[in-house]
Amino acid sequence: MPFNISQLKRPVVLLGNGETPTHRVPTKLLNNAETVLCADGGANKLENFKLKPNIILGDLDSISNKSFDCEVIELKDQSKTDIEKCLNWCLENGINKISLIGFSGEQDDHWMVSLWTLVSFVESMELTYYSNFSKIICVKDYTQIDSIKDQTISIIPTKENIKITTTGLQYPINNSILKPPSFGIRNSAKGNYFSIQATGPVWVFLNYEN
């Protein structure tokens with residue numbers, strides 16, 4: 001039977017071939033996902049959870065098990081990373097809200113590139129990145145973000161001269177340009193939400209409590 005994209009249900013997780021998720025936050029999201037997409041070798045990681053992918057996407061050069069019982073879609077463009085190819089495919093198929101898991105750790109260049117991918121898609125997709133230490137989003141303009149009282153929050157601009165204003169943080173930022181190397185790291189939430197107004201894309205890191 002031909003594959004039907006409309007059969008995919010939300011929430012959607014895209015699992016990468018980086019560090020295996022071990023913290024309860026990403027592992028719970030993975031186990032509760034209605035649809036699990038695997039970026040190439042991410043399918044190998046999924047076997048650790050005794051879960052099956054709905055779709056495997058990528059150039060397929062990192063899959064150890066070639067007999068997964070699921071849809072496999074080869075994305076050949078070698079000018080793009082696996083995560084970029086996967087997100088482009090998702091966008092083309094009407095999937096624009098995704099939790100990204102398994103893209104941190106192991107290879108530092110891949111970890112850095114995946115963070116920059118958040119910036120590339122900030123206008124078109126709602127992406128939330130989960131490592132074993134923090135939840136990471138990329139935002140611009142005005143954004144209100146759910147938090148936990150005393151949660152450690154770091155704000156890092158993606159380029160120079162981005163003006164940032166915040167509310168709801170222990171150390172408020174008022175129309176300021178954050179400069180390297182300290183930027184706006186190790187702030188903390190005063191309550192169950194805070195807001196950011198930024199003139200350009202910024203990464204927001206929300207550390208897990210434990």
Side-chain angles (χ1 to χ4, degrees), residues 3-19 21 25-26 28-30 32-43 45-46 53-59 71 73-105 109-147 153-159 162 164 193-206:
F3 174 69
N4 185 353
I5 190 69
S6 66
Q7 295 174 345
L8 299 182
K9 299 178 181 179
R10 277 66 171 172
V12 177
V13 164
L14 177 62
L15 181 67
N17 194 26
E19 187 175 51
V25 171
K28 182 178 179 180
L29 281 165
L30 185 57
N32 290 341
E34 289 289 340
T35 295
V36 179
L37 310 176
C38 288
D40 206 341
K45 305 289 185 181
L46 194 60
N54 295 89
I55 307 176
I56 299 173
L57 303 161
D59 56 21
E71 186 76 15
I73 299 175
E74 187 172 4
L75 305 173
K76 294 183 177 181
D77 189 348
Q78 295 302 313
S79 68
K80 294 181 172 64
T81 62
D82 277 338
I83 186 173
E84 188 178 4
K85 287 185 284 189
C86 291
L87 291 178
N88 279 326
W89 182 89
C90 288
L91 197 56
E92 290 166 2
N93 286 279
I95 303 170
N96 57 16
K97 183 176 181 180
I98 305 174
S99 296
L100 304 173
I101 298 174
F103 289 96
S104 61
D109 53 347
H110 286 179
W111 161 228
M112 192 65 193
V113 165
S114 62
L115 281 183
W116 278 106
T117 302
L118 295 183
V119 183
S120 300
F121 288 87
V122 68
E123 302 274 5
S124 56
M125 304 185 81
E126 185 178 338
L127 302 175
T128 308
Y129 191 115
Y130 294 89
S131 74
N132 282 325
F133 303 96
S134 60
K135 168 183 171 180
I136 308 164
I137 57 176
C138 183
V139 302
K140 60 176 295 189
D141 302 322
Y142 176 83
T143 309
Q144 183 171 293
I145 301 167
D146 292 335
S147 60
I153 309 294
S154 293
I155 301 169
I156 301 178
T158 62
K159 59 183 180 180
I162 294 177
I164 298 169
Y193 70 91
F194 62 96
S195 71
I196 297 176
Q197 175 75 48
T199 59
V202 298
W203 289 298
V204 182
F205 291 72
L206 298 93

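All figures in this text were calculated on a predicted structure; none of them were measured in a lab. Every heavy atom of this structure was used, including side-chain atoms; hydrogens, water molecules and symmetry mates were not.
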Peer 1: Residues in ring-ring contact (aromatic ring centres under 6.0 Å, His included) with Y129, at least two apart?
Peer 2: W111
Peer 1: Can I83 and L87 be said to form a side chain to side chain contact (heavy atoms under 4.5 Å, CB included), step by step?
Peer 2: CA-CA 6 Å; I83 186 173; L87 291 178; 4.0 Å; yes
Peer 1: Measuring from L206:CG to D146:CG, what's the distance to the nearest 0.5 Å?
Peer 2: 9.5 Å
Peer 1: For T35, which residues count as a side-chain contact (heavy atoms from CB on, under 4.5 Å) partner, sequence neighbours excluded?
Peer 2: L8, K9, V12, L37, N54
Peer 1: Can you measure from CD1 (I156) to CD1 (I164) and round to the nearest 0.5 angstrom?
Peer 2: 10.0 Å
Peer 1: Using salt bridge (Lys or Arg N to Asp or Glu O under 4.0 Å) as the criterion, list what pairs up with D59, not counting sequence neighbours.
Peer 2: K85
Peer 1: Can you list everything that forms a salt bridge (Lys or Arg N to Asp or Glu O under 4.0 Å) with K28? Sequence neighbours excluded, please.
Peer 2: none
Peer 1: What residues form a side-chain contact (heavy atoms from CB on, under 4.5 Å) with C38, not counting sequence neighbours?
Peer 2: L15, V36, A43, L46, P53, I56
Peer 1: Is the backbone of G18 close enough, under 3.5 Å, to the side chain of K45 for a donor and an acceptor to pair up by distance?
Peer 2: yes
Peer 1: Using 0.5 Å steps for rounding, measure from the CD atom of Q197 to the OG1 atom of T143.
Peer 2: 8.0 Å
Peer 1: Does some side-chain heavy atom of E126 sit less than 4.5 Å from a side-chain heavy atom of I137?
Peer 2: no
Peer 1: Under the side-chain contact (heavy atoms from CB on, under 4.5 Å) rule, collect the residues that match up with V119, sequence neighbours excluded.
Peer 2: W116, C138, T158, P201, W203
Peer 1: Got a sec, which residues hit side chain to side chain donor-acceptor pair (under 3.5 Å) with S124, two or more places apart in sequence or on another chain?
Peer 2: none
Peer 1: First locate atom OG1 of T128, then atom CG of L118, and finally report the distance between them rounded to the nearest 0.5 Å.
Peer 2: 8.5 Å
Peer 1: Hey, could you give me the CZ/CG distance between F121 and N96, rounded to the nearest 0.5 Å?
Peer 2: 12.0 Å
Peer 1: Side chain to side chain contact (heavy atoms under 4.5 Å, CB included) for M125 and L91? Distances and angles first, verdict last.
Peer 2: CA-CA 8 Å; M125 304 185 81; L91 197 56; 3.7 Å; yes
Peer 1: Do you know which two heavy atoms are closest between S131 and P26, and how far apart they sit?
Peer 2: O-CG, 3.7 Å
Peer 1: Please list, chain by chain and in numerical order, all residues satisfying side-chain contact (heavy atoms from CB on, under 4.5 Å) with S120, sequence neighbours excluded.
Peer 2: none
Peer 1: Would you please name every residue forming a side chain to side chain donor-acceptor pair (under 3.5 Å) with K80, sequence neighbours left out?
Peer 2: D77
Peer 1: Just how far is it from atom CD1 of I145 to atom OH of Y193, taken to the nearest 0.5 Å?
Peer 2: 13.0 Å
Peer 1: C90 versus I98: any side-chain heavy-atom pair under 4.5 Å?
Peer 2: yes
Peer 1: Name all residues meeting the side chain to side chain donor-acceptor pair (under 3.5 Å) criterion together with E19; count only those two or more places apart in sequence or in a different chain, and write none if there are none.
Peer 2: N132
Peer 1: Only pairs at least two apart or in different chains count here, so list each salt bridge (charged side-chain N to carboxylate O under 4.0 Å, His left out) that has a residue in residues 111-124.
Peer 2: E123-K140
Peer 1: Determine the minimum heavy-atom distance between L30 and P21, stating which atoms define it.
Peer 2: CD2-CG, 4.3 Å
Peer 1: Start with the C-alpha gap between F103 and T117, add the side-chain angles, then the distance that decides, and say whether side chain to side chain contact (heavy atoms under 4.5 Å, CB included) holds.
Peer 2: CA-CA 11 Å; F103 289 96; T117 302; over 6 Å; no
Peer 1: Between S134 (side chain) and I136 (backbone), is there a donor-acceptor pair under 3.5 Å?
Peer 2: no
Peer 1: Walk me through it: do I155 and V202 pass the test side chain to side chain contact (heavy atoms under 4.5 Å, CB included)?
Peer 2: CA-CA 7 Å; I155 301 169; V202 298; 4.1 Å; yes
